[in-house]
Amino acid sequence: MISSTKPVSSSLTAIAGVRRSFPTKLRFSPLPMIGNFEKSNPFTTLRALSAHNLSNFSVAAAAQQRRDVFRVGAYEADRSRPIEIGVEIPDEQSGQKVKIGIYFATWWALNVVFNIYNKKVLNAFPYPWLTSTLSLACGSLMMLVSWVTRVADAPQTDLDFWKTLFPVAVAHTIGHVAATVSMSKVALSFTHIIKSGEPAFSVLVSRLFLGDTFPLPVYLSLLPIIGGCALAAVTELNFNMIGFMGAMISNLAFVFRNIFSKKGMKGKSVSGMNYYACLSMMSLLILTPFAIAVEGPQMWAAGWQNAVSEIGPNFVWWVVSQSVFYHLYNQVSYMSLDQISPLTFSVGNTMKRISVIVASIIIFQTPLKPVNALGAAIAILGTFIYSQAKQ
């Protein structure tokens with residue numbers, strides 16, 4: 001043991017020897033006492049090397065080690081949280097993509113089935129006003145039953161809600177009846193080719209009535225839409241003016257429906273499913289008296305007997321199917337608007353028309369000239385370009 005009774009000069013000499021024998025900065029130990037060795041008073045340093053202080057030093061070192069372990073544990077825990085979040089986000093995104101894919105597949109499938117059954121009904125029972133009324137009545141009944149049985153939550157509405165919904169329902173009713181009239185007069189594929197020109201009406205109405213302006217690519221994208229529809233109409237083998245005008249009026253009506261929906265439903269907390277249910281009920285109230293006035297029960301009874309005698313009991317199944325699937329496909333489309341962007345919805349709507357056109361040509365064996373198919377392809381391509389340019 002180093003004695004504390006030696007002269008100061010000897011002690012200083014010993015300390016100097018220690019400095020010469022070790023590096024300037026001691027790195028061999030994490031002990032705080034050694035780290036402060038150079039700054040310590042010589043006599044204090046020598047006393048700290050006693051056995052008693054060394055035991056105290058061991059206790060302090062152990063405590064310091066425990067603190068270090070605690071700090072490392074905290075750091076590792078903090079560092080692990082971003083990793084966990086990073087793992088969860090792709091799962092959520094993958095789940096959302098799967099959900100959107102299911103929406104699209106269901107939407108397209110229901111729409112194709114509706115259009116096929118609707119065309120079968122109209123071929124055997126050419127009364128589009130009653131057919132349109134039955135579609136709305138079936139959907140309204142389905143939603144009322146779901147609300148009463150609490151399968152779905154009923155919407156919380158007030159008088160202002162129904163006031164803002166009224167112009168939307170008027171436009172929806174006109175568009176629905178006009179499209180059904182069109183399908184009763186011309187081929188199903190031709191109706192959907194003309195209805196693919198809806199973006200042109202959207203830009204025209206928005207520019208004239210709302211004062212909206214669009215970039216040049218949007219206007220240019222309308223050229224293939226208009227040109228393709230015109231080419232398809234001119235080369236249509238079974239062209240009918242009533243069918244053509246019905247599809248055009250349907251386009252215009254649905255554009256106004258979308259505008260009224262955006263203007264009137266801001267701030268309304270109603271889900272897409274319930275919103276379409278309320279829309280169907282109000283449209284049913286609007287359409288029923290007009291259907292009775294235009295066609296009437298006598299015409300319906302005679303036409304029904306004739307259809308049942310020709311088709312058999314399957315005709316009743318066709319009517320029920322087209323009514324149910326009409327409501328389901330529209331309900332899914334409105335529900336999908338709660339989950340996807342308008343751009344994605346527009347692209348999905350374009351792809352939906354392609355699936356309907358192809359399915360109708362195959363099932364009904366619609367004769368199609370190559371130039372007619374070219375016009376349809378140009379119009380649908382223009383619709384896709386429009387949906388991209390508008391963003």
Side-chain angles (χ1 to χ4, degrees), residues 99-100 102-115 117-118 121 128-180 250 253-291 319-340 342 344-345 348-349 352:
K99 189 175 182 180
I100 292 173
I102 293 174
Y103 270 123
F104 273 180
T106 306
W107 178 23
W108 295 343
L110 293 174
N111 187 261
V112 169
V113 173
F114 156 71
N115 278 278
Y117 278 115
N118 189 50
V121 170
W129 288 80
L130 177 60
T131 305
S132 302
T133 305
L134 292 176
S135 301
L136 296 174
C138 181
S140 301
L141 179 62
M142 290 170 60
M143 288 308 301
L144 285 174
V145 172
S146 67
W147 291 340
V148 172
T149 58
R150 299 186 180 277
V151 174
D153 294 331
Q156 301 296 324
T157 61
D158 52 18
L159 184 59
D160 290 338
F161 171 83
W162 295 102
K163 286 181 178 179
T164 56
L165 186 65
F166 180 75
V168 182
V170 171
H172 178 73
T173 303
I174 296 173
H176 176 42
V177 174
T180 309
S250 177
F254 283 140
V255 167
F256 277 106
R257 181 194 65 179
N258 297 336
I259 292 175
F260 293 147
S261 295
K262 293 177 182 178
K263 281 182 167 292
M265 298 312 298
K266 289 182 179 179
K268 304 294 183 182
S269 57
V270 178
S271 66
M273 180 178 67
N274 285 334
Y275 177 76
Y276 180 71
C278 296
L279 180 62
S280 296
M281 294 174 187
M282 180 164 282
S283 295
L284 176 63
L285 296 177
I286 297 172
L287 176 59
T288 301
F290 288 96
V319 174
V320 174
S321 298
Q322 72 91 24
S323 302
V324 172
F325 283 109
Y326 173 79
H327 175 77
L328 291 179
Y329 104 77
N330 276 287
Q331 189 179 75
V332 171
S333 69
Y334 272 84
M335 291 170 63
S336 65
L337 282 173
D338 293 338
Q339 305 292 330
I340 61 179
T344 306
F345 183 86
N349 196 44
K352 177 203 73 175

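- Residues V168 and M282 fail the side-chain proximity criterion, which asks for heavy atoms closer than 4.5 Å.
- Annotation: side chain of Q331 is not in contact with side chain of L110 (no heavy-atom distance under 4.5 Å).
- When every heavy atom of W129 is checked against every heavy atom of L287, the shortest pair comes out as CE3-CD1, 3.7 Å.
- The two residues I102 and T106 come nearest to each other via the heavy atoms O-OG1, 2.7 Å.
- H176 is not listed as a side-chain neighbour of N330, based on a closest heavy-atom distance of 4.5 Å or more.
- The OH atom of Y275 sits 10.5 Å away from atom OG of S280, with the distance rounded to the nearest 0.5 Å.
- For A169 against T173, the heavy-atom pair with the smallest separation is O-OG1, 2.7 Å.
- Looking at every heavy atom in both residues, V121 comes nearest to T131 through CG1-OG1, 4.2 Å.
- At distances below 3.5 Å, at least one donor-acceptor pair connects side-chain atoms of S146 with backbone N or O atoms of M143.
- Residues F161 and P155 fail the side-chain proximity criterion, which asks for heavy atoms closer than 4.5 Å.
- Nearest heavy atoms, S250 versus A179: OG-CB, 3.6 Å.
- Contact between S135 and Y326 at its shortest, heavy atoms only, is CB-CD2, 3.5 Å.
- A parallel orientation is assigned to the rings of Y117 and F325, their planes being inclined by less than 30° (bins at 30° and 60°).
- S132 and T180 form a side-chain donor-acceptor contact under 3.5 Å, judged by distance and modelled atom types alone.
- D160 is not listed as a side-chain neighbour of T164, based on a closest heavy-atom distance of 4.5 Å or more.
- Aromatic pair H327/F114: centroids not less than 6.0 angstrom apart.
- Between F166 and W162, the ring centre distance reaches or exceeds 6.0 Å.
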